[in-house]
Amino acid sequence: MGDDIRRNMALFPIGIVMKLTDLTARQIRYYEQHELIVPARTAGNQRLFSFNDVERLLEIKALIEKGVNIAGIKQVMNPVSKESDDATIVSEQSEVKRKELSDAQLHRLLKQQLLEKRPGQASLIQGQLSRFLNKR
DNA sequence: ATTCTCACA
DNA sequence: TGTGAGTA
């Protein structure tokens, strides 16, 4: 799997992930505390999430809605894999260029991401995707 | 304007 | 989990 790195590239800040997953910042940080996700951090201690993180959050959200608690989710979900954690922080550039990335290049990545996922989960993601793209 | 940690009338 | 405080 080559583009595995791309899936683990830390791209977006918590604000975008909130719109992407419909979770509150509180919840996202809470799940991180319980090691359900391990987002990367910028030099300024800002969280940077990857597609993997977002997908995991969507899975977590689905389970939570089914009444599963943190303990249960930890068992159902594979504990954050080995060194596959975000080592590549894509952001941390000039403000302007950062927005360029999260607009043009992001669309390209999102498209690829959707193509590689199975129809079932892909549609699930597209739902969140629409809301994300309608941000302004 | 955003995000972060901490703490609880 | 929400939310406000005080930062970076």
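Reminder, nothing fancy here: chain letters follow the sequence lines and each chain counts from 1. Computed from a prediction, not measured in an experiment: that's the story for all the values here.
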Check your understanding: For the side chain of A:Q46, counting heavy atoms from C-beta on, which of B:dT3, B:dT5, C:dT1 is nearest?
Key -> B:dT3
Check your understanding: Are any non-hydrogen side-chain atoms of A:Q27 and A:I60 less than 4.5 angstrom apart?
Key -> no
Check your understanding: Contact class for A:R47 vs. all strands (heavy atom < 4.0 Å): base, sugar-phosphate, or nothing?
Key -> sugar-phosphate
Study note, to complete from the structure: Interatomic distance, CG@A:L57 vs CG@A:D22, rounded to 0.5 Å, equals 12.0 Å
Exercise for review: Quickly work out the A:I28 CD1 to C:dT1 P distance and round it to whole Å.
Suggested key: 11 Å
Revision key, fill the gap. Using Watson-Crick geometry (N1-N3 plus N6-O4 or O6-N4) or G-U wobble (N1-O2, O6-N3), each under 3.5 Å, B:dC6 is paired with C:dG4
Review point. Once you round it to whole Å, what is the distance between C1' of C:dT1 and CG of A:L36?
Key: 16 Å
Check your understanding: Using purine N1 to pyrimidine N3 plus N6-O4 or O6-N4 for Watson-Crick, or N1-O2 and O6-N3 for G-U wobble, both under 3.5 Å, which nucleotide pairs with B:dA1?
Key -> none
Review point. Is any side-chain N or O of A:Y30 closer than 4.0 Å to OP1 or OP2 of B:dT5?
Key: no
Review point. Expressed in angstrom and rounded to an integer, what is the separation of A:R29 atom CZ from C:dT3 atom C1'?
Key: 12 Å
Exercise for review: Record whether the side chain of A:R26 comes under 3.5 Å of the base of C:dT3 through a donor-acceptor pair of N or O atoms.
Suggested key: yes
Review point. In whole angstrom, what separates A:Q27's CD from B:dC4's C1'?
Key: 17 Å
Revision key, fill the gap. With A:F49 as partner, the option from A:V38, A:I28, A:L11 fulfilling side-chain contact (heavy atoms from CB on, under 4.5 Å) is A:I28
Check your understanding: Any side-chain N or O of A:T24 under 4.0 Å from OP1/OP2 of C:dT1?
Key -> no
Review point. Are A:D53 and A:V17 close enough that some pair of their side-chain heavy atoms sits under 4.5 Å apart?
Key: no
Exercise for review: Side-chain contact test, heavy atoms from C-beta onward, threshold under 4.5 Å: evaluate it for A:Q46 versus A:R41 and give yes or no.
Suggested key: no
Exercise for review: Write down the distance between CG (A:L48) and C1' (B:dT3), rounded to a whole number of angstrom.
Suggested key: 11 Å
Practice item. Just compare B:dT3, C:dT1, B:dC4 and give me whichever is closest to any side-chain atom of A:N45. Key: B:dC4
Review point. Taking the side chain of A:R41 as heavy atoms from C-beta outward, which of C:dT1, B:dC4, C:dG2 is closest to it?
Key: B:dC4
